[in-house]
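I have placed the structure first, in the form of structure tokens, so that the comments after it can refer back to it.
We use all heavy atoms of the structure for the numbers below, so side chains are in, but hydrogens, waters and symmetry mates are not. Remember, predicted model here, so these are calculated numbers, not experimental data.
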Amino acid sequence: MRKRVVRDLGTIIGVVVILAAVVGINFFMRLEGLQAKYDKIRRQYEVQAAQAGTDVLDWELLRDTKGTIRSGATFPADLLPKEGQIVNIMGFTTPIDQYRAATHFMLLPLPLECYFCEAPPMRDVMLVHMTEGEATDMYEEPVMLTGRLVLNEGKGQQFFYTLED
């Protein structure tokens, strides 16, 4: 009787492990597909804006930034001249503390749901401060924002970049 119980438990555990592996593989395959889909959507909007004559700051340039909260950011040489300049950037809005009438929020190259349980890397998150007295709602599609780019240097910075006004 005891051998039979051990065998049955072993079989059940084996089935659970196999099912978990199948679900995990499926999850990661879909995650890559979603990221590619949203990246393609954002890039299409960026191309349309560029064709209309708008200079758009590329997320790939921002992704060349290295560092962590502890070490601080090391910005690529091509990004440094844009410090303090008015830039246009396309991305997905993500609320910090409110979904409607937000005066500050995060901008990401992919919607937050594409990162699922993982937080996006710091180089993929831009803090946006609206002009004083203005507010906006969050949108699910990519938006084009224009503002003054601030590069946050030094240790302990929660955001490497800020878009103001």
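- Within the model, atoms CD1 of Ile18 and CD1 of Ile13 stand 12.5 Å from one another, a figure rounded to the nearest 0.5 Å.
- Tracing side-chain contacts under 4.5 Å through hydrophobic residues (I, L, V, M, F, W, Y), one reaches Leu80 starting from Leu57; they form part of the same cluster.
- Taking each heavy atom of Gly91 and Leu107 in turn, the nearest pair found is C-CD1, 3.5 Å.
- Here CE of Met90 is found 9.0 Å from CZ of Arg42. Values are rounded to the nearest 0.5 Å.
- Trp59 CH2 to Leu110 CG: the interatomic distance, rounded to the nearest 0.5 Å, is 9.0 Å.
- Glu60 CD: more than 12 foreign heavy atoms inside a 6.0 Å radius.
- Annotation: the span from Tyr45 atom OH to Thr54 atom OG1 amounts to 14.5 Å, rounded to 0.5 Å.
- The side-chain heavy atoms of Met106 and Thr93, taken from C-beta on, include no pair separated by under 4.5 Å.
- Residues Lys40 and Arg43 fail the side-chain proximity criterion, which asks for heavy atoms closer than 4.5 Å.
- Residues Glu134 and Thr103 fail the side-chain proximity criterion, which asks for heavy atoms closer than 4.5 Å.
- The main-chain N or O of Ala101 is found under 3.5 Å from a side-chain atom of Asp137 such that the two form a donor-acceptor pair.
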Residues 81-89, side-chain donor-acceptor partners within the protein, below 3.5 Å, at least two apart:
from  : atom 1 : to     : atom 2 : distance (Å)
Glu83 : OE1    : Leu151 : N      : 2.7
Asn88 : OD1    : Thr146 : OG1    : 2.5
Asn88 : ND2    : Asp55  : O      : 3.0

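- Residues Glu140 and Pro111 are not in side-chain contact: their nearest non-hydrogen atoms beyond the backbone lie 4.5 Å or more apart.
- Taking the side chain as every heavy atom from C-beta outward, Thr136 and Phe105 approach each other to under 4.5 Å.
- The two residues Val125 and Pro121 have their closest heavy-atom pair at CG2-O, 3.7 Å.
- Looking at Thr11, its side chain does come within 3.5 Å of a backbone N or O of Arg7 through a donor-acceptor pair.
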Donor-acceptor pairs under 3.5 angstrom involving side-chain atoms of residues 153-165: please list them, not counting sequence neighbours.
from   : atom 1 : to     : atom 2 : distance (Å)
Gln157 : NE2    : Glu153 : O      : 3.4
Tyr161 : OH     : Leu62  : O      : 2.6
Tyr161 : OH     : Thr65  : OG1    : 3.1
Tyr161 : OH     : Arg123 : O      : 3.3
Thr162 : OG1    : Asn152 : ND2    : 2.9
Glu164 : OE1    : Arg148 : NH2    : 2.4

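- Both Met130 and Met126 are members of a single hydrophobic cluster when ILVMFWY side chains are connected at heavy-atom separations under 4.5 Å.
- Residues Leu61 and Val128 fall within the same hydrophobic cluster, defined by Ile, Leu, Val, Met, Phe, Trp and Tyr side chains chained together at heavy-atom separations under 4.5 Å.
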